[in-house]
Amino acid sequence: MATPRIRVAAYVIRHSTVPELLVFDHLGMPEAGTQVPAGGVRPGEDLRQAVVREVAEETGLLTASVIREIVTEDKPHPETGQPRRTTFFWLQAPTGTANAWDHRVWGDGDDSGFTFACCYLPLPLKQALADDQDTHLSDIDPLWATARSQHPRTGSGSSSVELLRSVTGYAPVASTGG
């Protein structure tokens, strides 16, 4: 059996009038679906350091702080079937963080150079995230569980960020999210 790729995933929560989750969509790549920041752990890197780094690389948000580890999940990659072991973390973002922004991904990962449209969505989510990344939100608060009658985003229809833009009139600006 192959050794699983060690990964981290971030539930970055901002408390506004309701709790909100930081998500992003790949601009020009709707088939990737709406996601939370996640990625591989470097050799010798602490999991908490890795999750903070992934949030910064994928969203530009430099002010999120780790609250606690939630769960570790063994689940194969949805396309390649390769084994993955992902540790999910709960992070907190400051209330003054922008509602939405576009961010060009930096770092040495496969997504470096892509542009992600980032935004906060109110919890509970109205639709599941790609690869069921939202599954463990209920481990933080049972009221944050996404209705499982919805299917994960597969690229059809509007993304979460597109829906936010249509409701709020958000127009992207170059920003790092704070």
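Just so you know, these numbers use all the heavy atoms, side chains as well, and skip hydrogens, waters and symmetry mates.
The shortest side-chain heavy-atom distance between V12 and V36 does not fall under the 4.5 Å cut-off. Proximity of Y120 to N99: side-chain heavy atoms (C-beta onward) are nowhere separated by under 4.5 Å. Taking the side chain as every heavy atom from C-beta outward, I67 and F89 never approach each other to under 4.5 Å. Using a 4.5 Å heavy-atom threshold, the side chains of L121 and C119 count as touching. I6 places a side-chain heavy atom less than 4.5 Å from the side chain of R85.
Listed here is the closest heavy atom pair of W101 and T59: NE1-O, 2.7 Å. The nearest pair of heavy atoms linking R84 to P78 is NH2-CD, 3.7 Å. Of all the heavy atoms in V8 and E54, the pair that sits closest is CG2-CG, 4.0 Å.
Side-chain atoms of H15 and Q92 form no donor-acceptor pair, as typed in the model, at a separation below 3.5 Å. Checked by atom type, the side-chain pair E58/H103 shows no donor-acceptor distance below 3.5 Å. Side-chain atoms of D102 and T115 form no donor-acceptor pair, as typed in the model, at a separation below 3.5 Å.
For the side-chain contact (heavy atoms from CB on, under 4.5 Å) test, residues two or more places apart in sequence or in another chain that qualify with R5 are R7.
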